[in-house]
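Some notes on the structure that comes next.
Each chain gets a letter, A, B and so on, in the order the sequences are listed, and its residues count up from 1.
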Amino acid sequence: MTERGLTDVRADSLADPRVLRAVELIWREARTLDEKDYPAWETLFTDDGIYVIPIDPATEDFAASLNLIYDDARMRRMRVERMMQGYSPSAVAAARTIRTISRFTVDEVSDTAVTLTSAQVLVAYKRGATEILGAELTHTITLSDDGDRIALKVVRLLNSEDAVNASGYLL
Amino acid sequence: MTTAPRFAGTYADLAETDRVAGRLYTDPAIFDEEMAKIFYSTWVWVAHESEIPEPGSFKTTYVGQQPVIVNRDRKGGFNTLLNRCRHRGATVCDQSKGKANGFTCPYHNWSYALDGKLRGIPYPEGYEGVVEKGDFPLQKLRTESYAGMIWATFNLDAEPLEDFLGDAVPWIDRFFKQTNGYPVKVTGVHKFRFKGNWKIQLENTTDGYHFPMVHKSWMVSVDTETAEMMSFMNDPEAVTHDLGNGHSIAIMAPENSDLDIDDGAPLQPRFNHLVEELEASGEYTPEQIRRIIRSIHGAGFNLNTFPNVSFSLSFFRVLIPISVDETEIWHMALGMDGGPESVNRERLRIHEHFQGPFGFGSPDDAEGWDRVQLGAAGAPAMPILVNRGLNRETPSAEGWPTSHVTDETGMRGAYAMWKKMMSHD
C-alpha cells in the first residue's frame with residue numbers, strides 16, 4: 001500500500017484536470033444562457049447531444065416520458081431559432097436571469113468524457129417579480145482536442161411535477 | 001347563495017352580448033362570487049379515469065379554491081372528497097397522486113375510508129357521547145362521469161352531468177375517436193401558472209384569431225403539412241359553434257373533425273418512420289395504420305366545456321383559478337393504452353413541442369394573458385370586446401349560433417352562461 005501524498009489527486013477529485021475542463025465548460029454555458037446568447041450555446045453541444053428537463057424526478061427513460069424539454073440537435077436548432085427570431089412574445093419579453101452552479105460531484109471520469117452532478121440556483125426577474133428555481137444538473141461532457149462539448153444535460157427541477165412558470169428563458 | 005352583488009350595478013350591465021367590463025378580470029369581489037355561484041354550484045371537471053386506474057388510486061386537485069381528493073373505491077366507483085379533516089381541518093392527503101387504503105390526518109390521526117367514512121379516532125374515550133363517527137365523514141361531492149371524464153359538484157341539486165354537458169356530448173365522443181378504439185390514457189401533465197384571471201384562459205381555447213400571430217414561432221418551426229393543418233384563417237369550413245350552457249366548439253382542422261371519415265389525403269411525411277415501423281411489426285392492417293397516423297394530431301377541434309376543461313386537439317386543457325389575478329393551467333397529454341408505443345411517444349414529442357412552460361406555444365399564450373391582466377387594470381369599466389364575427393354569425397342546422405373559427409362566438413356563449421349563473425341568487 002502506498003501512502004498518499006498531499007499533492008496526489010483522488011480518482012473522483014475536482015482537482016483532476018479533466019474534471020476542471022468540464023466544470024469550466026459548464027460555467028461558460030451558464031453565462032451564455034444568462035446572456036441569452038443562444039447561437040453560442042447551441043455550439044456547445046455535440047451533434048447527438050441531448051438537452052432534457054424531465055418532469056418525473058426518477059425517470060432515466062426520457063423518450064418514454066413527458067418532459068418539459070427533450071431536445072435533440074434538430075429541436076435545439078428550432079428552439080434557438082425561436083428564441084432569436086423575434087416572433088415569440090415570451091422570448092422577446094423574457095425574464096433576466098442570473099444563475100449559480102456549484103456543489104459539483106464527479107460521477108464518472110475518463111480521458112474522453114466526464115459526468116458531473118451539480119446544484120443550480122437560478123434567480124429570474126421580470127416585471128417587478130423575482131423568482132427562484134432550484135435544480136440539480138447532470139452534465140456529460142466529451143473531452144476532445146477539437147473542443148469539449150456537452151453530450152447530455154439533464155435539469156431536474158425541484159418543482160418539476162408542479163407548476164413551472166413560462167418565462168421565456170432556458171435552464 | 002344569497003349574497004347580493006358587492007358592487008354598483010348588475011352582472012347584466014357588466015357582461016353584455018358583445019362586450020364585458022374589464023373589471024371582470026380584476027375585481028376580487030366578483031372573483032369571490034364566481035367561486036360561489038359557478039365553481040361551487042355547477043359541474044367542475046376533476047379527473048380522467050386513467051389517472052385513478054385501480055381501487056385505491058387517487059389524485060388531489062381543486063374544485064374552485066377548495067382542495068379535493070378524487071379516488072376509485074373498491075367497488076370501482078369514483079369519489080370526490082373534500083381534503084379536510086372533520087376534526088381540526090387539516091388536509092388528510094398531501095400527495096398529488098398515488099394509491100391508498102384510506103386517508104389518515106397527520107395531526108391527530110383521525111382516519112377515513114376510501115369513500116370518506118370516518119373509520120378511526122385515537123383515544124376515543126374523550127368522544128364518548130360527543131362524536132358519533134357516522135356523523136363525521138369527509139365531505140363528499142356529487143361525482144359523475146361521461147366517457148371516462150369525471151366531474152364533481154358541491155351542489156347536490158345540480159342537474160345530471162349529461163344534461164349539463166348537453167350538445168357537447170357528441171363532440172366528446174368524437175374527440176375520443178383519436179385513440180382508435182384503445183382506452184384513453186393520460187400520459188403526462190404540463191403545469192404552469194399565469195398572472196391573470198381564469199376567464200382569460202377560458203376565452204383562449206375558443207380564440208382562433210390569436211393563433212397565427214401569437215404562435216408564429218411555432219408555425220415556422222413545424223413541417224409544411226402541420227402548418228397547413230393549422231392555417232385556418234381563410235378556411236370557410238373552419239367554424240365555431242356555441243353549443244349552449246357555456247360550451248363551444250372551435251373546429252380548426254375540419255378534415256379531422258370526425259376521424260371515422262377519411263378524406264383520403266396523403267399522410268404527413270414526417271410520420272413515415274412510424275408507418276414503416278407499424279408495417280414491419282405485422283400487427284396492424286394498412287387501414288389501421290392509416291387511421292392511427294391520421295389521429296396523431298388529435299381531433300381537429302377545441303371543445304371548450306364551461307367552466308374549466310377543454311378537449312383541445314390531442315390533449316386536455318384544465319384551468320384552476322388561484323385568485324382573481326392568478327390561474328394554474330394543466331395540459332394533459334393523451335395516449336392509447338395498449339396501442340403502439342412508438343405512436344404514443346410521437347404524441348409526447350408533439351405535446352412537448354407546443355405545450356408547457358418551455359413549449360413553442362404555451363409561453364407565448366401566457367405572455368399575452370399576463371399582458372391582458374396588466375392592461376385591464378386600466379379603466380376597469382372600459383369594455384373588453386367579444387364582438388368579432390357578429391356580422392356573420394348564423395344558426396347552424398342544429399340551431400347552434402355559428403361563425404368562423406376566428407370569431408368570438410364561443411366567448412359570447414361562455415359569457416352568456418357566466419351572466420346567467422352570476423345573476424342567479
Side-chain angles (χ1 to χ4, degrees), chain A residues 33 38 50-57 59 61-72 74-95 122 124 126-129 131 133 135 153 155 157 159-171, chain B residues 95-97 186-195 210 212-223 315 320 322 326-335 341-342 344-353 355-371 373-374:
Chain A
L33 286 172
Y38 299 115
I50 295 290
Y51 169 50
V52 58
I53 307 180
I55 294 173
D56 181 345
T59 192
D61 189 357
F62 307 122
S65 312
L66 185 70
N67 306 285
L68 296 174
I69 291 180
Y70 182 49
D71 282 2
D72 57 9
R74 177 180 151 274
M75 274 298 286
R76 207 159 39 243
R77 174 89 281 282
M78 295 195 294
R79 187 177 299 280
V80 168
E81 181 70 18
R82 171 181 137 79
M83 300 303 261
M84 302 302 296
Q85 71 197 153
Y87 295 156
S88 159
S90 63
V92 169
L122 182 149
K126 179 175 174 178
R127 292 193 190 116
E131 187 172 40
L133 282 178
K153 178 180 180 182
V155 181
L157 277 169
N159 57 331
S160 64
E161 293 185 295
D162 289 322
V164 178
N165 288 346
S167 302
Y169 54 85
L170 296 183
L171 300 176
Chain B
Q95 307 293 318
S96 62
K97 60 187 174 185
V186 173
T187 51
V189 186
H190 282 146
K191 301 178 181 178
F192 63 97
R193 291 184 176 193
F194 71 97
K195 293 171 185 157
H210 80 291
M213 279 77 88
V214 170
H215 300 308
K216 186 168 181 176
S217 80
W218 176 83
M219 289 286 267
V220 299
S221 76
V222 296
D223 56 297
F315 64 103
I320 299 174
I322 305 297
E326 189 170 24
T327 306
E328 184 159 317
I329 307 293
W330 293 11
H331 289 165
M332 309 179 77
L334 305 176
E341 178 63 18
S342 56
N344 283 338
R345 289 185 184 207
E346 190 74 23
R347 291 179 64 111
L348 292 173
R349 302 292 88 81
I350 292 170
H351 194 84
E352 287 161 355
H353 192 155
Q355 315 299 338
F358 296 96
F360 287 27
S362 305
D364 296 329
D365 279 325
E367 174 67 14
W369 305 337
D370 282 1
R371 297 277 288 274
Q373 190 72 19
L374 287 168

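Closest approach of K195(B) to A129(A), counting heavy atoms only: NZ-CB, 3.6 Å. Of all the heavy atoms in D364(B) and A91(A), the pair that sits closest is OD1-N, 4.3 Å. For L348(B) against A64(A), the heavy-atom pair with the smallest separation is CD1-O, 3.7 Å.
Of the atoms belonging to M83(A), not a single heavy atom falls under 4.5 Å from chain B. R77(A) does not touch chain B: none of its heavy atoms, backbone or side chain, sits under 4.5 Å away. With a 4.5 angstrom heavy-atom cutoff, S221(B) touches chain A via backbone and side-chain atoms both. In this structure, the portion of I55(A) lying under 4.5 Å from any heavy atom of chain B is its side chain and not its backbone. When heavy atoms are compared at a cutoff of 4.5 Å, R347(B) does not approach chain A at all. Using a 4.5 Å cut-off between heavy atoms, V189(B) touches chain A through its backbone atoms (N, CA, C, O) alone. In this structure, no portion of D365(B) lies under 4.5 Å from any heavy atom of chain A. The part of L374(B) that comes within reach of chain A is its side chain, from C-beta onward, which places non-hydrogen atoms under 4.5 angstrom from that chain. Interface residue H353(B): backbone and side-chain heavy atoms are both found under 4.5 Å from chain A. Contacts of S65(A) with chain B are made by backbone atoms alone, with heavy-atom separations under 4.5 Å and no side-chain atom involved.
For the pair M219(B)/Y87(A), no side-chain contact is recorded, criterion being any heavy-atom separation below 4.5 Å from C-beta on. Side-chain contact between Q85(A) and S217(B) is present, with at least one heavy-atom pair separated by less than 4.5 Å. Using a 4.5 Å cut-off on side-chain heavy atoms (C-beta onward), V164(A) and F192(B) make no contact.
In this structure, D72(A) does not pair ionically with R349(B), as no charged nitrogen and carboxylate oxygen lie closer than 4.0 Å. Electrostatic pairing of R127(A) and E367(B) counts as a salt bridge here, judged by a charged N lying under 4.0 Å from a carboxylate O.
Remark: the backbone N or O of I69(A) is not paired with any side-chain donor or acceptor of E352(B) at under 3.5 angstrom.
Among residues two or more places apart in sequence or in another chain, the side chain to side chain donor-acceptor pair (under 3.5 Å) test is passed with D162(A) by none.
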Take R82(A) and W218(B) through the test side chain to side chain contact (heavy atoms under 4.5 Å, CB included) and record every step on the way to the result. CA-CA 8 Å; R82(A) 171 181 137 79; W218(B) 176 83; over 6 Å; no
